[in-house]
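All figures in this text were calculated on a predicted structure; none of them were measured in a lab. Just so you know, ligand 1 is whichever comes first in the structure, and atom 1 is the first atom listed for that ligand. For the numbers below, each heavy atom of this structure counts, side chains included, while hydrogens, waters and symmetry mates do not.
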Amino acid sequence: PLPTMFRYLDALLLQCRHLHDKPPQPDLICPICSYAWDKPPIRSTFLPLTPCGHWVHYRCLIWRASANHSDRARCLTCGVVLFEWEGISMLTLATRTGLLPIENPALQRNYFDNDANMIVTNTREAYEADCAVIENTIYTCFNEEYVRTDVLAELHRRERPRAMWLKYHTDEGLVLWEMLVSIKLKRFIEENCGWVMGTDGWKQFEEG
Ligand SMILES: [Zn+2]
Ligand SMILES: [Zn+2]
Ligand SMILES: [Zn+2]
């Protein structure tokens, strides 16, 4: 059976530390970011995948795993499936390690995000813009009769999310997105409306 995504990325790959940053050929290129292994824009450990032995940047592997396509759990070079993909682990890993995609300047398209009122030049900023709009939408939607689905519907109307690594079109992706919105809604209520907690409406919200 395949290892879970968490076990693979967090434990299995990190076992062979003596190999890290010592590729067999000094001129290897990371197949994910296409930069020379020792010259990526953001430093990252270069390591061999298990079981196929192809070399990638650790950061690039996480980025690939966070993408919205069916090959995200496969080695880019040989196509072998590396781990069992899980949306929740992805969010945890990406958040905890701050591992966001390496931006290839040639692929960047800057735009002004009207809802977030900020210029977006990379994936991290796109994510920050989504977060700002979630918070803004919660603020706008909020009243005593708050209902989580109203906030989600309003965010959908505002064509959110836009950030690449929130914008999944899968069931797990939907769970991730709703989880992020719920966490922010819960925090908003705790910070602004302490009196709400303990009411029937709050209990209904907590029970989902
Ligand atoms: Zn080893
Ligand atoms: Zn790379
Ligand atoms: Zn491979």
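- Taking the side chain as every heavy atom from C-beta outward, Asp71 and Arg64 approach each other to under 4.5 Å.
- Here the protein contributes Cys52 SG, His54 ND1, Cys75 SG, Cys78 SG as N, O or S atoms under 2.8 Å from the Zn ion (ligand 3).
- The hydrophobic cluster containing Phe112 also includes Ile119, under a criterion of side-chain heavy atoms closer than 4.5 Å among ILVMFWY residues, counted directly or through chains of members.
- Taking every heavy atom of both residues into account, Ala129 and Val120 meet most closely at CB-CG2, 4.1 Å.
- For the ring-ring contact (aromatic ring centres under 6.0 Å, His included) test, residues two or more places apart in sequence or in another chain that qualify with Phe83 are Tyr8.
- Rounded to the nearest 10 degrees, the angle SG (Cys60) to the Zn ion (ligand 2) to SG (Cys30) equals 120°.
- By the 4.0 Å N-to-carboxylate-O rule, Lys184 lies too far from Asp130 to be salt-bridged with it.
- In terms of the salt bridge (charged side-chain N to carboxylate O under 4.0 Å, His left out) criterion, Asp38 has no residue partners (sequence neighbours excluded).
- A side-chain donor-acceptor contact under 3.5 Å links Trp37 to the backbone of Pro26.
- Looking at His57, its N, O or S atom nearest to the Zn ion (ligand 2) turns out to be ND1.
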